[in-house]
Novice: 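Have a look at the structure that comes next, please.
Quantities reported herein were computed from a predicted structural model and do not represent experimental measurements. Note that the numbering runs from 1 along the sequence shown for the chain. Whatever order the structure lists ligands and atoms in, that order sets their numbers, starting from 1.
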Amino acid sequence: MIGSKVYSLDIVDSTNEFARALIGTAPEGTVVLARQQTCGKGRFGKTWYSPEEGLWMSVILRPRNMSLITIATGVAVCDALVRCGVFPSIKWPNDILLNGKKIGGILTEIVDSTVIVGIGLNLNMQSFPVELSEIASSVYLETKKVLKKKTVYDDVCTQLDYYYAMLEQNRIQELLKKWRYYAAVLGQEVIIEMGDKQMTGTALDINENGALIVNLADGRTEHVIGGTCRLMKRDMGYGM
Ligand code: BTN
């Protein structure tokens with residue numbers, strides 16, 4: 001179902017924005033794919049560097065359970081990379097890491113009862129603009145493997161189909177188990193940022209709403225939704 005209708009574009013501002021304009025008419029599972037984005041969007045209004053060496057796509061979904069869409073997508077993306085011989089991890093909630101460096105991200109936007117899931121993967125970039133070179137990486141830079149975009153795209157669609165069905169069938173524990181397998185943060189000391197609020201503690205797990213369960217330094221337990229998380233050992237904040 002995912003990718004049964006595809007808008008394959010050359011250059012677009014943002015695949016998420018293009019998808020937004022289709023919401024009224026597009027069937028569920030419609031994909032917007034672009035070779036390049038001129039104004040790719042990251043979380044919190046950041047821009048997302050999107051040259052032709054990466055995979056930039058958005059999927060239109062109408063899920064029963066919106067809270068776990070980013071979690072399901074993260075697992076699907078990781079599975080797709082594993083199929084290509086690359087072994088990533090997930091930094092809650094939406095970062096895809098390789099060797100601890102950010103190589104991808106997911107931007108989930110809710111418009112009424114529709115969700116636009118934007119997926120960005122830095123595949124074959126050999127370098128980044130200087131302001132990003134400290135924080136961004138690509139599959140190529142981390143592994144020296146050149147991946148075929150079409151292969152990764154097909155695998156992402158296949159795996160997202162699989163985990164989306166799991167979500168729709170309410171097989172939440174199965175999904176969370178898979179997510180834990182890829183999780184980079186569990187058992188780690190983390191800094192959580194929610195707006196201007198900051199907390200430190202140990203990331204314990206995620207719950208059935210996708211919230212990160214953190215044991216705070218003062219002994220309280222917090223269920224965090226909607227913030228960002230940095231690993232204390234290594235700050236991989238990604239200001240793209
Ligand atoms: C993040 O980590 O901040 C999320 C980045 C998401 C980027 C992707 S690229 C395809 C889709 N279109 C966009 O404009 N953004 C997402």
Side-chain angles (χ1 to χ4, degrees), residues 2-3 6-23 26 29-61 69-78 80-81 88-98 100-111 114-125 128-129 131-132 134-139 147 149 152-153 156-157 160 182-185 192-195 210 212 226-231 235-240:
I2 309 276
V6 184
Y7 290 80
S8 189
L9 311 170
D10 185 29
I11 298 186
V12 70
D13 52 354
S14 151
T15 54
N16 269 39
E17 285 307 303
F18 193 94
R20 187 182 287 268
L22 298 173
I23 279 178
T30 296
V31 171
V32 179
L33 178 67
R35 186 178 63 85
Q36 213 176 315
Q37 297 182 119
T38 54
C39 232
K41 297 197 306 179
R43 285 179 90 211
F44 307 117
K46 291 177 180 167
T47 55
W48 185 265
Y49 178 61
S50 314
E52 64 178 324
E53 293 87 352
L55 176 66
W56 323 121
M57 61 187 280
S58 301
V59 187
I60 296 175
L61 295 171
I69 274 291
T70 303
I71 298 296
T73 306
V75 173
V77 167
C78 286
L81 290 171
S89 60
I90 303 173
K91 183 162 74 69
W92 181 91
N94 71 315
D95 293 347
I96 308 297
L97 310 182
L98 203 52
K101 308 238 187 76
K102 182 157 174 171
I103 57 129
I106 297 160
L107 178 66
T108 302
E109 298 186 291
I110 297 175
V111 185
T114 300
V115 175
I116 301 166
V117 187
I119 301 168
L121 276 178
N122 302 338
L123 296 180
N124 300 323
M125 289 85 145
F128 285 86
E131 66 277 14
L132 295 175
E134 287 289 304
I135 47 178
S137 195
S138 68
V139 171
L147 299 188
K149 258 203 253 190
V152 182
Y153 167 78
V156 167
C157 290
L160 188 54
Y182 287 121
V185 296
I192 302 290
E193 278 161 3
M194 296 168 75
L212 188 68
T228 56
C229 150
R230 286 190 284 138
L231 288 165
D235 174 13
M236 290 162 302
Y238 192 40
M240 289 178 73

Novice: With heavy atoms under 4.0 Å as the rule, classify the contact between Asn94 and ligand 1 as side chain, backbone, both or neither.
Specialist: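 It is the side chain that gets close, since no backbone atom is under 4.0 Å.
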Novice: Distance under 4.0 Å to a non-hydrogen atom of Thr15: what atoms of ligand 1 satisfy this?
Specialist: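 Listed by number with element: 10 (C), 11 (C), 12 (N).
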Novice: Indicate every side-chain donor-acceptor pair of residues 16-23 with a distance under 3.5 Å to a residue at least two apart or in another chain.
Specialist:
unit_1, atom_1, unit_2, atom_2, d
Asn16, OD1, Ser58, OG, 2.5
Asn16, ND2, Leu107, O, 3.4
Asn16, ND2, Glu109, OE1, 2.9
Glu17, OE2, Lys41, NZ, 2.6
Arg20, NH2, Glu109, OE2, 3.4

Novice: List the atom of Val152, the atom of Ala80, and the distance in Å for their closest heavy-atom pair.
Specialist: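 Smallest heavy-atom distance, with atoms named: O-CB, 4.3 Å.
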Novice: Less than 4.0 Å is my threshold; does some heavy atom of Lys46 fall inside it relative to ligand 1?
Specialist: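 Lys46: no contact with ligand 1 (<4.0 Å).
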Novice: Between the main-chain N or O of Gly210 and the side-chain N or O of Trp92, is there a donor-acceptor pair closer than 3.5 Å?
Specialist: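 It does hold such a pair.
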Novice: Which ligand 1 atoms are under 4.0 Å away from a heavy-atom of Gly120?
Specialist: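 What qualifies from ligand 1 is 8 (C), 9 (S).
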Novice: Taking all non-hydrogen atoms of both residues, which atom of Ile60 and which atom of Ala26 are closest, and how far apart?
Specialist: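 Between these two residues, the closest heavy atoms are CD1-CB, 3.8 Å.
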Novice: Atom CD of residue position Glu131 - does it have more than 12 heavy atoms of other residues, nucleotides or ligands inside 6.0 Å?
Specialist: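 Buried by this count: over 12 neighbours within 6.0 Å.
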Novice: With distance as the sole test, does Asn94 use its side chain to make a donor-acceptor pair with the main-chain N or O of Gly74 at under 3.5 Å?
Specialist: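 Side chain of Asn94 to backbone of Gly74, a donor-acceptor pair under 3.5 Å: no, none is there.
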Novice: I need the atoms of ligand 1 closer than 4.0 Å to a non-hydrogen atom of Ser14, numbered in the order shown.
Specialist: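 What qualifies from ligand 1 is 12 (N), 13 (C), 14 (O).
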Novice: In terms of atom number and element, which parts of ligand 1 are under 4.0 angstrom from non-hydrogen atoms of Met57?
Specialist: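 Heavy-atom distances to Met57 below 4.0 Å select 10 (C), 11 (C).
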Novice: I'd like to know whether ligand 1 has Glu17 as a neighbour, heavy-atom separation below 4.0 Å.
Specialist: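 Judged by the 4.0 Å heavy-atom criterion, Glu17 does not count as contacting ligand 1.
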Novice: By the definition side-chain contact (heavy atoms from CB on, under 4.5 Å), identify the one residue from Ile11, Val12, Leu9 that meets it with Arg35.
Specialist: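 For Arg35, the side-chain contact (heavy atoms from CB on, under 4.5 Å) check succeeds only for Ile11.
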Novice: If you take the nearest heavy atom of each of Lys102, Lys41, Arg43, Glu109, which one is closest to atom 6 (C) of ligand 1?
Specialist: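 Answer by nearest heavy atom: Lys41.
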Novice: Would you check the N or O atoms of Trp56, main chain and side chain alike, for any that come under 3.5 Å of an N or O of ligand 1?
Specialist: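 No, no N or O pair falls under 3.5 Å.
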Novice: For Ile106, counting its heavy atoms only, list the atoms of ligand 1 lying under 4.0 Å from any of them.
Specialist: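 Going through ligand 1 atom by atom, the ones under 4.0 Å from Ile106 are 4 (C).
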Novice: Please verify whether a non-hydrogen atom of Gly40 lies at under 4.0 Å from ligand 1.
Specialist: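 Checking ligand 1 against Gly40, which is what was asked, there is a heavy-atom contact under 4.0 Å.
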Novice: Ignoring hydrogens and angles, tell me if any N or O in the side chain of Lys102 forms a donor-acceptor pair with the backbone of Ile135 under 3.5 Å.
Specialist: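 No; judged by distance alone, with no hydrogens or angles, the pair does not exist.
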